[in-house]
Amino acid sequence: MSQSKLITMDEFTIQETRKFPQATGDLSAILRDLGLAGKVINNQVRRAGLVDILGKHGATNVQGEEQMKLDIFANDTLINILQNCTECAGIGSEENDDHISYQDTFSANSKYVVLFDPLDGSSNIDVNAPIGTIFAIYRRVSELGKPCTEADFLQAGKNLMAAGYIIYGSSTMMVYATRLGVNGFTLEPSIGEFCLSHPNMKCAENGKIYSLNQGNSIKYSDGMQAYLNYCMEHNKEEGRPLTQRYIGSMVADMHRTLIKGGIFMYPADKSNPNGKLRLQYECNPMAFIVEAAGGKATNGHENILDIVPTELHQRVPIYIGSKNMVNKVMEYVKEHATTPM
Ligand code: AHG
Ligand code: MN
Ligand code: MN
């Protein structure tokens with residue numbers, strides 16, 4: 001493609017904003033700054049394999065600076081860039097026990113808050129597998145002119161204004177969703193810009209791939225175990241078993257699910273009644289993206305986006321992806337609903 005045909009993410013976001021004459025552009029500014037943070041984090045991620053040469057976490061590098069763990073580097077990058085962005089009043093992060101309300105005057109007058117998982121799938125860094133950053137943007141509910149409050153971070157996912165992720169994979173991509181739809185942008189390294197590469201992404205109604213940590217299956221409910229048997233058998237819809245794929249990085253597993261169709265699950269099990277993944281910065285943003293792309297996300301009882309959070313770091317079971325596949329697993333779970341969990 002000639003470079004003149006490239007549409008950068010910022011150009012695209014501005015064009016989308018123009019569809020709404022009343023829009024102020026504040027949300028576009030946050031998306032742009034999240035893209036900037038993504039590029040800064042990407043730069044460090046791309047050097048991760050040199051960590052033994054440049055120095056491990058806790059070690060001192062040649063300049064006498066202490067090396068930072070990548071998830072802490074990613075977290076600090078997002079916190080600082082979003083504070084400089086005059087549209088963000090505060091953040092909630094996997095890496096911080098409590099939310100942070102930015103205390104400067106600009107931030108107190110900002111309309112939005114952002115929740116994020118700065119580096120998702122970080123155990124995959126050592127094996128050079130894809131990792132990512134996940135984000136969720138809400139309009140604040142607390143009074144403008146004052147620092148934001150906890151209530152801003154405990155909103156149900158259905159209030160989301162936008163959500164997305166950056167995947168540091170074989171290429172680096174930023175995917176974000178608004179109520180208008182889902183679009184994907186690939187980083188073009190020669191110009192340092194995310195460029196529209198996956199317009200109007202849709203999650204197919206059906207898929208052939210199921211994705212979960214099947215090693216936990218002995219601890220799953222009877223319904224889940226029956227569903228896994230269905231996946232592994234020659235079932236009548238498919239005429240052959242489904243394919244199992246699990247990277248262990250939610251961003252990477254969800255990116256595949258969005259592009260190829262399929263289902264991703266992190267169910268409850270006997271030792272973890274709420275599953276593992278966090279509602280506010282893992283499940284809600286992914287549920288918002290998947291629903292905007294025509295898919296579905298549930299915790300087994302209600303849509304993920306309807307859950308009203310009570311704590312910043314609460315966990316929730318999740319079944320997410322192609323609508324018909326999510327409905328199918330729910331049939332099995334409900335049929336065996338007498339089993340606790
Ligand atoms: P994080 O690296 O942010 O802590 O998240 C890891 C998560 C998620 O990315 C992945 O889907 C899941 O943990 C994998 O868990 P298991 O190793 O239990 O399968
Ligand atoms: Mn994570
Ligand atoms: Mn993380």
Side-chain angles (χ1 to χ4, degrees), residues 34 37-38 40-42 44-45 48 57 68-79 82 91-100 114-136 157 163-169 173 175 209-220 224 228 244-258 262-290 297 299 304 309 311-321 341:
L34 286 165
V40 175
I41 297 166
N42 180 59
Q44 280 306 100
V45 167
H57 168 54
M68 237 184 267
K69 241 180 115 183
L70 263 182
D71 15 26
I72 304 304
F73 174 83
N75 195 41
D76 289 355
T77 301
L78 283 156
I79 291 173
L82 288 170
I91 63 96
S93 164
E94 182 196 358
E95 300 297 337
N96 293 78
D97 290 346
D98 295 315
H99 69 271
I100 298 175
V114 182
L115 287 128
F116 49 80
D117 177 349
L119 215 58
D120 175 67
S122 46
S123 63
N124 273 325
I125 295 168
D126 288 348
V127 295
N128 207 354
I131 51 178
T133 297
I134 312 174
F135 59 87
Y165 58 82
I166 298 144
I167 178 166
Y168 313 103
M173 270 188 79
V175 172
I209 301 173
Y210 72 104
S211 181
L212 82 174
N213 187 339
Q214 204 157 346
N216 290 333
S217 59
I218 196 158
K219 296 190 279 176
Y220 290 154
M224 266 309 291
L228 291 179
Q244 204 272 357
R245 292 275 183 268
Y246 189 67
I247 297 168
S249 214
M250 189 193 200
V251 168
D253 283 312
M254 284 309 305
H255 189 61
R256 183 198 55 244
T257 303
L258 201 55
I263 183 167
F264 170 84
M265 296 163 280
Y266 210 109
D269 67 43
K270 284 177 186 143
S271 23
N272 304 293
N274 296 316
K276 172 180 183 188
L277 299 177
R278 273 63 54 97
L279 175 61
Q280 285 295 75
Y281 41 81
E282 291 178 319
C283 298
N284 264 338
M286 288 301 179
F288 184 82
I289 297 164
V290 161
N299 67 354
I304 295 286
E311 300 166 36
L312 185 58
H313 299 286
Q314 86 188 58
R315 294 173 198 271
V316 68
I318 187 166
Y319 309 83
I320 179 170
M341 247 157 39

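For ligands, and for the atoms within them, numbers begin at 1 and follow the listed sequence.
Of the residues listed (Asn124, Asn42, Thr133), the one engaging Tyr168 in a side-chain hydrogen bond (donor to acceptor under 3.5 Å, both in side chains) is Thr133, and it is the only one.
In terms of modelled atom types and a separation under 3.5 Å, the side chain of His313 and the main chain of Asp97 share a donor-acceptor contact. Proximity of a side-chain donor or acceptor of Asp120 to a complementary backbone N or O of Met250 within less than 3.5 Å is detected. Remark: the backbone N or O of Ser217 is not paired with any side-chain donor or acceptor of Asp269 at under 3.5 angstrom. Looking at Ser249, its side chain does come within 3.5 Å of a backbone N or O of Pro130 through a donor-acceptor pair.
Side-chain contact between Arg256 and Ile209 is present, with at least one heavy-atom pair separated by less than 4.5 Å. Residues Asn213 and Tyr246 meet the side-chain proximity criterion, which asks for heavy atoms closer than 4.5 Å. At least one side-chain heavy atom of Ile100 sits under 4.5 Å from a side-chain heavy atom of Ile79. Contact of the Met286 side chain with the Ile134 side chain is registered, since non-hydrogen atoms from C-beta on lie closer than 4.5 Å. In this structure the side chain of Leu279 never reaches within 4.5 angstrom of the side chain of Ile318, judged on heavy atoms. In this structure, the side chains of Ile289 and Tyr165 come closer than 4.5 Å at one or more pairs of heavy atoms. Two residues are said to be in side-chain contact when any heavy atoms from C-beta on lie closer than 4.5 Å; Ser211 and Gln244 fail this criterion. Side-chain contact between Phe264 and Leu258: absent, with no pair of heavy atoms (C-beta onward) separated by less than 4.5 Å.
Phe116 and Leu82 make their closest contact through CE2-CD1, 3.8 Å (heavy atoms, listed as atom of the first residue, atom of the second, distance).
Atoms of ligand 1 lying under 4.0 Å from any heavy atom of Asn213, numbered from 1 in the order shown and given with element: 16 (P), 18 (O), 19 (O). Within the listing of ligand 1, atoms 9 (O), 10 (C), 14 (C) sit less than 4.0 angstrom from a heavy atom of Gly248. The ligand atoms of ligand 1 that sit less than 4.0 angstrom from a heavy atom of Ser249 are 9 (O). Atoms of ligand 1 found under 4.0 Å from any heavy atom of Arg278, numbered from 1 in the order shown, are 4 (O). Atoms of ligand 1 found under 4.0 Å from any heavy atom of Ser122 (numbered from 1 in listed order, with element): 2 (O). Applying the 4.0 Å criterion to heavy atoms of Glu282 picks out, from ligand 1, the atoms 3 (O), 5 (O). If you number the atoms of ligand 1 from 1 as listed, the ones under 4.0 Å from a heavy atom of Asp117 come out as 3 (O).
Counting backbone and side-chain atoms alike, Leu119 contributes an N/O/S atom closer than 2.8 Å to the Mn ion (ligand 3). Counting backbone and side-chain atoms alike, Glu94 contributes an N/O/S atom closer than 2.8 Å to the Mn ion (ligand 3).
Nearest N/O/S atom of Asp120 relative to the Mn ion (ligand 2): this is OD1. No other N/O/S atom of Glu282 lies as close to the Mn ion (ligand 2) as OE2 does. Nearest N, O or S atom of Asp117 to the Mn ion (ligand 3): atom OD1.
Close N/O approach between Phe264 and ligand 1 is not found [any backbone or side-chain N/O within under 3.5 Å]. Ligand 1 has no nitrogen or oxygen under 3.5 angstrom from a nitrogen or oxygen of Leu277. On a distance-only criterion, Asn216 and ligand 1 share no N/O pair closer than 3.5 Å.
In terms of protein heavy-atom proximity, atom 5 (O) of ligand 1 is nearest to Asp120 OD1, 3.2 Å. Looking from atom 14 (C) of ligand 1 to the surrounding protein, the closest heavy atom is Tyr246 OH, 3.2 Å. Of all protein heavy atoms, the one closest to atom 18 (O) of ligand 1 is Tyr266 OH, 2.5 Å. Nearest to atom 11 (O) of ligand 1 among the protein's heavy atoms is Met250 N, 3.4 Å. Ranking protein heavy atoms by distance to atom 1 (P) of ligand 1, first place goes to Gly121 N, 3.7 Å.
Nearest-residue assignment for atom 12 (C) of ligand 1 (options Glu94, Met265, Lys276, Met254; heavy-atom criterion): Lys276.
In this structure, Asp253 does not count as a contact residue of ligand 1, since none of its heavy atoms falls inside 4.0 Å of the ligand.
Heavy atoms of Leu119 found under 4.0 angstrom from ligand 1 belong exclusively to the backbone.
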